[in-house]
> 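Input: one structure, supplied below.
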Amino acid sequence: MDKKFSEMTPNELRETIATLKEKARKAEQLGILNEFAVYERKALLAQAYLLNPDDFKPGEIYRIENDPGMFFQVDYLKGVYAWGYRLGGNHYEEALPISMLTPVKEAF
């Protein structure tokens, strides 16, 4: 039976991330882009469990990984998800795994 990411040890998470990235690479090579996207997103979520949510502060602005020029303002955190808004976007609330966020100060 598969464990939830929240139940895994850091080593199990790292192994799972490596497996998911390998599956994503193979799917991309085969041209199965929807499968590639699913594995990539699962790997990002698993990576979020290796981070400390306390390092992400409500009201702060973060750069969104792999989305050049896009910024995200965090309103609140729930588990490993940051809820907020994309700056310059449609202004609808969305949740992103914290592994997708980079502090603006570190991005330059």
> Quick one: salt bridge (charged side-chain N to carboxylate O under 4.0 Å, His left out) partners of E35, sequence neighbours excluded?
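By the salt bridge (charged side-chain N to carboxylate O under 4.0 Å, His left out) rule, E35 matches no residue at all.
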> Quick one: pull up CG in L51 and CE in M100 and give me the separation to the nearest 0.5 Å.
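L51 CG to M100 CE: 13.0 Å, rounded to 0.5 Å.
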> Are V80 and L45 close enough that some pair of their side-chain heavy atoms sits under 4.5 Å apart?
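A side-chain contact exists here, since the closest heavy-atom pair is under 4.5 Å.
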> Are V104 and L77 linked, directly or through intermediate hydrophobic residues, by side-chain heavy-atom contacts shorter than 4.5 Å (ILVMFWY only)?
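No, it is not one cluster - the side chains of L77 and V104 are not joined through contacts under 4.5 Å.
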> Using the ring pair (Phe, Tyr, Trp, His ring centres under 6.0 Å) rule, pick out the option among F56, F72, Y85 that qualifies with Y62.
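Of the listed residues F56, F72, Y85, the ring pair (Phe, Tyr, Trp, His ring centres under 6.0 Å) partner of Y62 is F56.
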> Would you say that V38 contacts K23 through its side chain, given a criterion of any heavy-atom pair below 4.5 Å between the two side chains?
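No, every pair of side-chain atoms sits at 4.5 Å or beyond.
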> When rounded to the nearest 0.5 angstrom, what is the spacing between CD in Q47 and CZ in F5?
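Those atoms lie 10.0 Å apart.
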> Please work out whether the ring planes of W83 and Y76 are parallel, tilted or perpendicular, with thresholds of 30° and 60°.
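The arrangement is parallel - the two ring planes meet at less than 30°.
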> For the CG atom of L13 and the NZ atom of K3, what is their distance to the nearest 0.5 Å?
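One gets 9.5 Å once the value is rounded to the nearest 0.5 Å.
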> First locate atom CD1 of I98, then atom CG of D55, and finally report the distance between them rounded to the nearest 0.5 Å.
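Separation between the atoms: 7.5 Å.
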> Within the supplied structure, the quantity of interest is the number of heavy atoms (other residues, nucleotides, ligands) at a distance under 6.0 Å from K26 NZ; does it exceed 12?
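Counting other residues, nucleotides and ligands, NZ of K26 stays at 12 neighbours or fewer.
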> Locate the shortest heavy-atom distance separating F36 from A24; write the atom from each residue and the value.
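Answer, listing the atom of F36 first, then A24: CD1-O, 3.1 Å.
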> Distance from Y49 atom OH to I17 atom CD1, nearest 0.5 Å?
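Between Y49 OH and I17 CD1, I get 12.0 Å after rounding to 0.5 Å.
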> Just wondering, do E60 and V74 contact through their side chains at under 4.5 Å, heavy atoms?
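The answer is no; the side chains never approach within 4.5 Å.
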> If you define the side chain from C-beta out and look only at heavy atoms, does anything of Q73 sit under 4.5 Å from L87?
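Of all side-chain heavy-atom pairs linking L87 with Q73, at least one is under 4.5 Å.
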> Between R25 and E22, does any NZ, NE, NH1 or NH2 come within less than 4.0 Å of an OD or OE carboxylate oxygen?
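Salt bridge present between E22 and R25.
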> To the nearest 0.5 Å, how far apart are CD in E40 and CG in N66?
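Answer for the CD-CG pair, E40 versus N66, is 7.5 Å.
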